[in-house]
Amino acid sequence: MLFADIEKFNEMQATLFDDCVCTDASLLVVAPTGCGKTTVFLLAMLRELMKENSPDTKITIRMVYIAPTRALCSEVFDKWEEKFSQVNIRCCEVTGETNTTTDLVELERYHVILTTPEKWDSLTRRWRENINFLTSMRLVMIDEIHLLNEARRGAALEATICRMKIGALKSGTAIRLIGISATLVNVQDVAKWFGEANTKAYTISTHSHGSKVKEKIISVPLEEEESFFKVDAIMNSWLPNIVIRYWECQPTLVFCGTRMSAEATAQYLVTNFRVNLLEDQVNLLCSIGERINYGTLRECIRMGIGFHHGGLTLEDRLIVENLYRSTNLPILVCTQTLAMGVNFPAHLVIVKAPSPISPTEMLQMLGRAGRVGLTSNDGIAVILTRTCHAVIYQNLREKIGPIESNLHNNLEEYINAEIFTGNIVKLESAIQWIKTTLFYVRLHINPTHYGFQEDAVENQLSDLCQTTIESLKRRGLISENVGTCATSESINAINSPDNTLSSTIYGSLAVRYFLHLKTVNTLQKITGREKIFQLFDIVCKCSEFEHQFVLRNSDKKILNKWNEGNESYDTIEDDEFGTGKSKDTLRFPISGKINSIAAKVSCLLQAMLGKFNVKNTHLHDEGDKMMKLANHLTKCIIEMLKIVPGEKFCAFLSALRLLKCFTAELWEDSPYVSIQLPEIDERMAQKLANCGKCTFEALRVIHSWTLRKLFPEISDIGRIIEGGLAGIPQYSVNYCWIGSTKISVKVHHRVKAHCDNERATVALIVGDAKSNSLLFYSENVFEKGNSYEAKIDIAINFTSIHIHLIHLSLVGVDVHIELSDKDRYSLNASKLNSQTEFVNKSQKNHKDQENIPSEPRSLKILKMDQDNEAAKDGKTEALVMEMYKKSLDHVENDNPEDPFALGVEDFFKQLESNMQQRNTEMEINAHGNSKVNLGSSAGNKDFKSIYEHEMTSILKKPYQVSSSRNLKSEFYKKVEKIVEEDTNDHH
């Protein structure tokens, strides 16, 4: 089953068969691209599966496959899942683009895990959370192992392999390593690092490739001083003739250095080269092309030429990949992403090299040519370069140098990680850990590369470890436990032996959240009083963004256009917690031009949160990735604030709000809340917001006539809105005083949603805004039921207590109550009569209900039971709806505008003016008695009829449409107040 697609093993596979299947030796294989190296992994996995079925095996054996890119992981996962599912072996892909859990306990369900070096590094740092998981790992397969030469990924891979080797040694288990590469030169060095005594190394000749590849260098007469962009454009003019000469109507790949170059090259070929397509191919490309989001790509695809790069959406990339693999897309222009292991064979490969490319990278791209079984003819690999660079690419294989370790450039980060895992506890163990690395192997072979003297390697190595540990101490990331003097910030200070190293709060956060140490230094500067825009700025300046994104000249024009016309932070108008007000422009404008990665991150994140129309696919894709990273960093800030002592209410509240924004991909006060409903897209949300439907409350009472007018093309729009709202939870918050220094806060699920929102985290946070004291915090308050109660101590001299119930993934459902000092005394006055009353706040009504002491009739009203409250709500709702329907009749006939998009203030001012003109007044005397004088013109009309009459007269007058106010909400509050007064009068 595992080898059903292989008729017979080739020479390389046959040579390695016995070592793979009949021994447990680690293997290091260097063989040309396209000769079936992945089959070596399957043979090694077969060996482990045979052992698992043995009666001597009592645990589940797990295997991990590590690839340099997510694309390669996804391709191998698709193949292996199909193969292994037939034998009940479960595979799991764990990369940055998958939603698979990263909890080690959950991963125990799987036998085969496919991941990237960075992701596996972050997981194995937490191996103490589930020691059994790591000790059950028996086989580690590393594809493209020459990536050890890369700065960040190489260091992550090296540290991870060392961590697993140490873990296996501690647990007394054996771990098998299989490494494969097409360009590795210093094979014996890597074999020595694997464990020389139990590792076999193979270097396979090019004859095992299966088909020959003819390599050609074509020189363009351009000198060094010519710019990259000019040379790249001139090279495009050479491409049609090269394709005509070598194409033979076979699959062709054209590699370019940048995304922009890939698109420009594809468009040039579409204009200057004709691909002869069959009629079926034309129909297929036109049909599938309609599913492509990016217009430029769609037009190119129809002509039989596509392009592929990381700036495309995942959906568009998959469409292009499938079309090419099925040979329906004859020519594909791409970036170097497709050179790294992904199975994209071609008869002809053309590499545009306007600037020098390393021999290793060049061979990776040329290796796509002449894959086995693709064509009976020899493959063709063409290098298109400047004349002055042509010599660089002659005899490429002889110019590949040995791979070097990059661990020394990231030593602080990884020593900090090993201290957290417990692999390093003293200076001596740090030195021993370094001796398990490839860095140590290469250090003795090429010490000058690492800045060491040949005759003093060991002494300098000890000094390097000592210096690194001292630096981590100064940064506050680790501490040394000396007897009873262990620092309180040390994570394992308690029960730690004397004179051992342990992680501090910040050190553990750096490890568990995979943070750069520069980012940790930034987070250490958080004071606890940051408003939301200040925390947003801190997140945008984290160094993780600098290592993942670049600022292109093509980006600046778009970003500056979004930012232009705004003012600086200093002039932005905000509330007590710095939430800002602007909706139509950037919420937190950036001073000056966009000229840094941090400024780009800030501008793009704000555009995504503000639901700007981000048409540029590169920026949209980067925005999605930035949103995930910002979410990750904000979670780290929240966890830090939970642990670090001090006054931090403002920063904590800001961080929770910011996390909500990044999770929902929407500002917390956005008018586009409807976009969170299923089947509601950005265009529909924009229409709803423009007519004032900016809250879930407004959507719940929206009239079918309004919906039909807004969306005449959607016949079941009412069902869509109603069904979506059924999944939106509603919460209420009640509080009462217990004495004068404690309050009881109750939160309740008023409407139980039947969707994923019900299982989302809902947090309760209480604090004193003036003193910045965090009084209470609890996550996931509805984890055990539909209600939750907390009793909270309050200082006797407080000025303003804020109670927030925050849904951490949904905008528009939060509840906020503010208590002032007078609330305590007014509520305590009613308690003199042995009454304990709860004051209620919910999303629907944010108006505090005041207790009126001393009068029996008022106390009777305050003690109204739940049935009477429901009856009052029902009466209000009925009155609102009846008046709403009556007004719609007038609007439909006389006024083309929706009445609830009219100006709120003008509407009610006019209404009150008309009521006064009719001599209508309502007075509430000091004892709670109500008296209504209707005047002569009103006759015997009751309140309701007068209200309807005045509303009707006002609706006949023209009003200016205002999309920034929610009239319906204001109207509801206004009517509710009058009905409440009317209810009190009846009592």
Side-chain angles (χ1 to χ4, degrees), residues 67-74 93-100 102 115-122 150 152-153 156 258-260 262-263 293-294 297 308-318 320-321 334-338 340 342 513-516 519 536-552 554-556 558-559 562 594 596-637 658-667 682 809:
T69 65
R70 299 166 183 170
L72 184 53
C73 274
S74 296
E93 181 184 359
V94 185
T95 65
E97 288 188 350
T98 62
N99 293 322
T100 309
T102 55
T115 187
T116 57
E118 298 92 339
K119 197 67 177 180
W120 195 239
D121 183 12
S122 67
E150 295 188 11
R152 291 290 301 178
R153 274 192 303 195
T258 66
R259 299 174 180 181
M260 185 182 297
E263 291 193 23
N293 299 309
Y294 189 25
L297 177 60
H308 183 289
H309 55 65
L312 300 175
T313 63
L314 178 60
E315 293 79 8
D316 285 357
R317 292 203 305 268
L318 291 175
V320 172
E321 292 169 10
C334 56
T335 54
Q336 294 182 19
T337 306
L338 292 189
M340 191 67 75
V342 182
Y513 282 89
F514 207 63
L515 302 180
H516 293 272
T519 295
F536 181 84
D537 189 52
I538 288 172
V539 169
C540 293
K541 290 179 179 177
C542 288
S543 61
E544 280 71 16
F545 291 106
E546 296 177 4
H547 289 81
Q548 294 190 34
F549 303 99
V550 295
L551 177 61
R552 306 178 184 85
S554 58
D555 299 337
K556 293 180 181 179
I558 301 173
L559 297 172
W562 289 340
I594 307 297
S596 66
I597 299 296
K600 173 182 177 176
V601 173
S602 176
C603 188
L604 188 49
L605 281 177
Q606 291 185 70
M608 299 291 285
L609 292 170
K611 294 304 173 188
F612 283 29
N613 186 14
V614 185
K615 295 180 180 179
N616 186 291
T617 55
H618 310 302
L619 289 176
H620 196 284
D621 185 64
E622 286 187 324
D624 287 337
K625 294 176 181 177
M626 288 177 184
M627 197 73 72
K628 293 178 181 177
L629 180 53
N631 184 292
H632 175 79
L633 292 168
T634 308
K635 287 179 178 177
C636 177
I637 291 174
L658 199 55
L659 178 62
K660 172 212 289 289
C661 296
F662 291 139
T663 304
E665 299 185 8
L666 203 65
W667 286 120
E682 291 189 12
S809 59

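Just so it is clear, the structure is predicted and the values come from calculations on it, not from any experiment.
- Within a 6.0 Å radius of CE in Met627, other residues, nucleotides and ligands contribute more than 12 heavy atoms.
- Counting only heavy atoms from C-beta outward, the side chains of Met626 and Gln548 never approach each other to under 4.5 Å.
- Counting heavy atoms from C-beta on, the side chains of Thr335 and Thr258 never come closer than 4.5 Å.
- Residues passing the ring-ring contact (aromatic ring centres under 6.0 Å, His included) test with His309 are Phe307, His618, sequence neighbours excluded.
- Judged purely by distance below 3.5 Å, without hydrogens or angles, the side chains of Glu118 and Ser122 never pair a donor atom with an acceptor atom.
- Rounding to the nearest 0.5 Å gives a distance of 10.5 Å between CG of Asp624 and CD of Glu622.
- Between the CG atom in Leu619 and the SG atom in Cys603 there is a gap of 9.0 Å [rounded to 0.5 Å].
- The side-chain heavy atoms of Thr313 and Arg317, taken from C-beta on, include no pair separated by under 4.5 Å.
- Judged by distance alone, the side chain of Asp555 and the main-chain N or O of Lys600 form no donor-acceptor pair under 3.5 Å.
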**Request:** Apply side chain to side chain contact (heavy atoms under 4.5 Å, CB included) to the pair Thr634 and Lys660, showing each step before the final yes or no.
**Result:** CA-CA 10 Å; Thr634 308; Lys660 172 212 289 289; over 6 Å; no
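- If you take NE2 on His308 and SG on Cys334, they are separated by 8.0 Å, rounding to the nearest 0.5 Å.
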**Item:** Worked check of side chain to side chain contact (heavy atoms under 4.5 Å, CB included) between Phe662 and Leu633
**Value:** CA-CA 10 Å; Phe662 291 139; Leu633 292 168; over 6 Å; no
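- With respect to the salt-bridge test (charged N to carboxylate O, under 4.0 angstrom), the residues Asp537 and Lys541 qualify.
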**Request:** Go through the steps to decide whether Gln606 and Phe536 satisfy the test side chain to side chain contact (heavy atoms under 4.5 Å, CB included), and finish with yes or no.
**Result:** CA-CA 10 Å; Gln606 291 185 70; Phe536 181 84; 3.5 Å; yes
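- Taking the side chain as every heavy atom from C-beta outward, Arg552 and Arg259 approach each other to under 4.5 Å.
- Atoms OG and CD1, on Ser602 and Ile594 in that order, are 7.5 Å from each other to the nearest 0.5 Å.
- Of all non-hydrogen atoms in Ser809 and Thr663, the two that sit nearest each other are CB-CG2, 3.5 Å.
- A distance of 7.0 Å separates OG of Ser554 from CG of Asn616, quoted to the nearest 0.5 Å.
- A search for salt bridge (charged side-chain N to carboxylate O under 4.0 Å, His left out) contacts involving Glu682 returns nothing, not counting sequence neighbours.
- Side-chain contact of Glu544 with Tyr513: a donor-acceptor pair under 3.5 Å is absent, judged by distance alone.
- Between Thr69 and Leu72 the shortest heavy-atom distance is OG1-N, 3.2 Å.
- Side-chain contact check for Val614 versus Trp562: some heavy-atom pair is nearer than 4.5 Å.
- Closest heavy-atom contact between Leu609 and Cys661: CD2-O, 3.2 Å.
- At least one side-chain heavy atom of Val539 sits less than 4.5 Å from a side-chain heavy atom of Ile637.
- With rounding to the nearest 0.5 Å, the separation of CG in Leu658 from CG in Leu605 is 9.0 Å.
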**Item:** Stepwise side chain to side chain contact (heavy atoms under 4.5 Å, CB included) test for Lys615 and Ile558
**Value:** CA-CA 10 Å; Lys615 295 180 180 179; Ile558 301 173; over 6 Å; no
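- Counting all heavy atoms, side chain and backbone alike, Pro68 lies closest to Pro117 at CA-CD, 4.3 Å.
- With respect to the salt-bridge test (charged N to carboxylate O, under 4.0 angstrom), the residues Arg70 and Glu93 do not qualify.
- Side chain of Lys611 to backbone of Trp667: no donor-acceptor contact under 3.5 angstrom is found.
- When only modelled atom types and interatomic distance are considered, Thr95 and Thr116 share no side-chain donor-acceptor pair under 3.5 Å.
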**Prompt:** Do Asp621 and Lys625 pass the salt bridge (charged side-chain N to carboxylate O under 4.0 Å, His left out) test, and can you show the C-alpha distance, the side-chain angles, and the key distance before you say yes or no?
**Reply:** CA-CA 7 Å; Asp621 185 64; Lys625 294 176 181 177; 3.3 Å; yes
